[in-house]
Amino acid sequence: MKRTIIKNLLKSEDFDRTVVVKGWIRNRRGSKNVAFIALNDGSTINNIQVVVDFSELGETIMDGVGVGASLSVEGELIESQGGGQKMEVVAKKLVVLGNADPKEYPLQPKKHSLEFLREIAHLRFRTNTFGAITRIRHAMIFGVHQFFNDRGFYNIHTPIITSSDAEGAGEMFQVTTLDEKNPPLTEDGEIDYKKDFFGKKTNLTVSGQLEAELAALAMGQVYTFGPTFRAENSNTTRHLSEFWMIEPEVAFNDIVDNMDLAEDMLQYLAKYALDNCMDDIQFLSKRLQEEEKGKKEADRSMELIEKLNFVVDNKFERVTYTEAINILRNSKPNKKKKFSYIIEGWGADLQSEHERYLVEKHFKKPVILIDYPANIKAFYMKLNDDGKTVRAMDILFPGIGEIVGGSERESDLETLKSKMDALDIPQDEMYWYLDTRRFGSVPHSGFGLGFERLMLFVTGMGNIRDVIPFPRAPKQAEF
RNA sequence: UCCUCUUUAGCUCAGCUGGUUAGAGCACCUGACUGUUAAUCAGGGUGUCCUAGGUUCAAGUCCUAGAAGAGGAGCCA
């Protein structure tokens, strides 16, 4: 007999029939005569209760079988005779597929700290919290593709190994097959990368944007959704060395179209989560509220479902950098010198304390900041008519900070070249990028959305290492 | 990389101004219980007190160095 997925079984109204369920024991209770097993197969956060009557199946059938063991159960699906659940399976045949020695198995039917679970990331899928996160992560991946597909975008696989080192997005991981103890040298005594696998120095990508631009200037609307690597030594709750980034790039879009697209997308994805992952979100919400019980009311975060609905229902605040500086300059923490970095004039980069003030205290909603000073932003961003600001946009979310960074791209060849000169970016190596501006250049825009930061928002989790199955961070590449 | 904090049982943590045999809850083990809901009740401590030095009659506790983890900052998505 074929097994029924527990998620489907729990939706069933059709009782008094024989079913087969397979899964792992989450909890076990009972008395001398009867055991109650909460069985989970990963399809849903909810368990099915399996009832084992020892007088029928033998007294020893469950000896030494506890949390974590895997079972195959054939039995009758009936309306539950106990209080806590609608239905249960009364076992007729029970096979222990694989036991988990209770003395050795580290997971218990109780709360574990996230730090502990990170150390046993290979087993943490088996907890309610990571089951929920894993299902939501899948749904969000699916939602991202759905969003773009519905709007006629094409997905582009940009290269993971690249030779361009001009993107300026961060430190890079080098890719080489050279003998590290005895590399070939040039006459000058430098490492000779002409002898390396690709005949040049290569590294893992820090962004698919430049390649996505190439595609956008022929395909119109494209997006990448792939792994991204940054060798920055950053140890925070918001950074990973390996993360997944969504980068749409759209021909003929200006900065306003770009903001509209990003806002639509974030609202769509928040709604997608609410529509498709309610059970898991409810669980995470309860978990979060439990965790924050000790905090003062003012320090507690907004309830998760409420927070997601808030983003779906409210327009993001759109503010220029110059306006933001004025707000900050006149703010209480600035005047009372509560900020670690006091805002004095136009031109300084905003620190996270300033971004947090704007989002969490002043506007109390997601904020899109635009028109940053040119000198604190990347070379490819379009220069405004004032000659000193660029059409950059950052979307700031409460509790997360920058979730999206993007811009209208500089489409004028000469302006772009002089910008590259000023920043010492070699034009000959970037000939392929400049060709897009030489041949049929058009205004175009795009942005990058850190998928794990989106996951932080949707799950309410506090540490980015808990929303990716196997986090990669400085000194962390286990599993 | 910088600042702050943490490291004691399988997990979460207590352990006072240094003092005899290191504690609690949960987990686990043994037993009881005719349907449990993180079941309940009775009994049982299972330990490299992160590591290496040092101070001291005596170190889980004090000092030095290191490691690992967490939070914040910078960098950014």
Side-chain angles (χ1 to χ4, degrees), chain A residues 26-38 47 49-55 63-64 66-68 78 80-85 88 90 100-120 127-128 167-171 206-209 225-247 262 290 339-341 349-356 376-378 394-397 400-406 447-457 462-468 473-476 478:
Chain A
R26 279 295 172 80
N27 196 2
R28 198 196 140 169
R29 302 172 289 272
S31 66
K32 193 178 181 183
N33 305 309
V34 64
F36 300 93
I37 295 163
N47 306 318
Q49 173 155 287
V50 173
V51 184
V52 180
D53 187 338
F54 293 125
S55 63
D63 279 3
V67 173
I78 61 165
S80 181
Q81 300 177 351
Q85 56 283 318
E88 60 197 19
V90 180
D101 185 348
K103 273 178 251 169
E104 302 285 330
Y105 191 61
L107 294 171
Q108 304 150 24
K110 65 166 242 177
K111 208 154 248 159
H112 289 96
S113 69
L114 295 169
E115 291 82 11
F116 172 64
L117 293 174
R118 237 169 266 154
E119 288 169 15
I120 52 165
T127 64
N128 284 330
E167 287 155 23
E171 292 294 312
V206 293
S207 164
Q209 180 201 316
F225 186 177
T228 308
F229 307 88
R230 306 262 168 103
E232 303 285 351
N233 189 10
S234 40
N235 294 287
T236 78
T237 53
R238 318 178 289 287
H239 291 87
L240 290 165
S241 310
E242 177 182 298
F243 63 101
W244 290 71
M245 189 151 65
I246 299 147
E247 295 175 286
E290 200 88 357
F339 284 142
S340 308
Y341 297 86
D349 210 347
L350 299 180
Q351 309 291 318
S352 26
E353 56 179 348
H354 306 131
E355 296 181 348
R356 266 212 313 278
I376 57 172
K377 287 289 178 182
D394 283 358
I395 303 186
L396 310 176
F397 262 36
I400 295 164
E402 189 178 339
I403 194 167
V404 163
F447 60 85
L449 167 67
F451 184 63
E452 283 75 19
R453 291 199 180 163
L454 174 73
M455 283 295 296
L456 284 179
F457 173 69
N463 190 318
I464 203 161
R465 297 174 194 202
D466 294 331
V467 295
I468 186 168
K475 305 220 167 109
Q476 173 63 264
E478 190 72 31

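By convention in this document, chain letters (A, B, ...) are assigned in the order of the sequence lines, proteins followed by strands, and residues within each chain are numbered from 1. Everything numeric here is computed off the predicted structure, so don't read it as measured data.
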How long is the line joining [atom1] of [X] and [atom2] of [N], in whole Å?
| X | N | atom1 | atom2 | value |
| --- | --- | --- | --- | --- |
| A:E171 | B:C75 | CD | P | 14 Å |
| A:N27 | B:G35 | CG | P | 16 Å |
| A:H239 | B:G74 | NE2 | P | 10 Å |
| A:R29 | B:A27 | CZ | P | 13 Å |
| A:I464 | B:C76 | CD1 | P | 16 Å |
| A:R118 | B:U12 | CZ | P | 12 Å |
| A:F116 | B:U12 | CZ | P | 6 Å |
| A:N233 | B:C76 | CG | C1' | 14 Å |

Have a look at [X] and say if it touches a base, only the backbone sugar-phosphate, or nothing, with a 4.0 Å heavy-atom cut-off.
| X | value |
| --- | --- |
| A:G82 | base |
| A:T228 | nothing |
| A:R238 | base |
| A:N235 | base |
| A:R356 | sugar-phosphate |
| A:K103 | sugar-phosphate |
| A:E88 | base |
| A:S113 | sugar-phosphate |
| A:G83 | base |
| A:E353 | nothing |
| A:P106 | nothing |
| A:L240 | base |

Would you mind telling me which of [options] lies closest to the side-chain atoms of [X]?
| X | options | result |
| --- | --- | --- |
| A:E402 | B:G74, B:C29, B:C76 | B:C76 |
| A:T237 | B:A77, B:G71, B:A70 | B:G71 |
| A:F36 | B:G74, B:U1, B:U36 | B:U36 |
| A:Q108 | B:C75, B:A73, B:A27 | B:A27 |
| A:M245 | B:U36, B:U1, B:A77 | B:A77 |

Could you check which nucleotide pairs with [N] in any of the strands shown, counting Watson-Crick or G-U wobble with both distances under 3.5 Å?
| N | value |
| --- | --- |
| B:C41 | B:G31 |
| B:A65 | B:U51 |
| B:U1 | B:A73 |
| B:C16 | none |

Heavy-atom donor-acceptor pair, [X] side chain to [Y] backbone, under 3.5 Å:
| X | Y | result |
| --- | --- | --- |
| A:S234 | A:T236 | no |
| A:H354 | A:F339 | no |
| A:R238 | A:R453 | no |
| A:E232 | A:E171 | yes |
| A:R230 | A:V206 | yes |
| A:E353 | A:Y341 | yes |

Shortest non-hydrogen contact from A:D394 toward A:G406: OD1-N, 4.3 Å
Expressed as a whole number of Å, how far does the [atom1] atom of [N] sit from that of [M]?
| N | M | atom1 | answer |
| --- | --- | --- | --- |
| B:G60 | B:C13 | C1' | 14 Å |
| B:C49 | B:U61 | P | 11 Å |
| B:C26 | B:C41 | P | 8 Å |
| B:C63 | B:G69 | C1' | 23 Å |
| B:G35 | B:U20 | P | 47 Å |

If only side-chain N and O atoms of [X] are considered, is one of them under 4.0 Å from the OP1 or OP2 phosphate oxygen of [N]?
| X | N | answer |
| --- | --- | --- |
| A:S352 | B:G72 | no |
| A:S207 | B:A77 | no |
| A:T236 | B:G71 | no |
| A:R453 | B:C76 | no |

- request: Compare the aromatic ring of A:F243 with the six-membered base ring of B:A77 and state whether they stack according to the 5.5 Å and 30° rule.
  value: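 Here A:F243 meets both the 5.5 Å and the 30° conditions.
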field: Toward the 5' end of RNA chain B, by each residue's nearest nucleotide, A:F451 or A:V51
entry: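 Nearer the 5' end of the strand: A:V51.
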query: Hey, which of these two, A:V404 or A:K475, hits RNA chain B nearer its 5' end, going by closest nucleotide?
result: A:K475
Check this for me: does the side-chain of [X] come within 3.5 Å of the base of [N] through a donor and an acceptor?
| X | N | result |
| --- | --- | --- |
| A:Q476 | B:G69 | no |
| A:H112 | B:C11 | no |
| A:Q85 | B:U36 | yes |

- request: Verify whether one side chain among A:S31 and A:N33 offers a donor that lies under 3.5 Å from an acceptor in the other.
  value: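 No, because no side-chain N or O of A:S31 sits under 3.5 Å from a partner of the opposite role on A:N33.
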Verdict with reasoning, A:I120 to A:L107, per side-chain contact (heavy atoms from CB on, under 4.5 Å): CA-CA 10 Å; A:I120 52 165; A:L107 294 171; 3.9 Å; yes
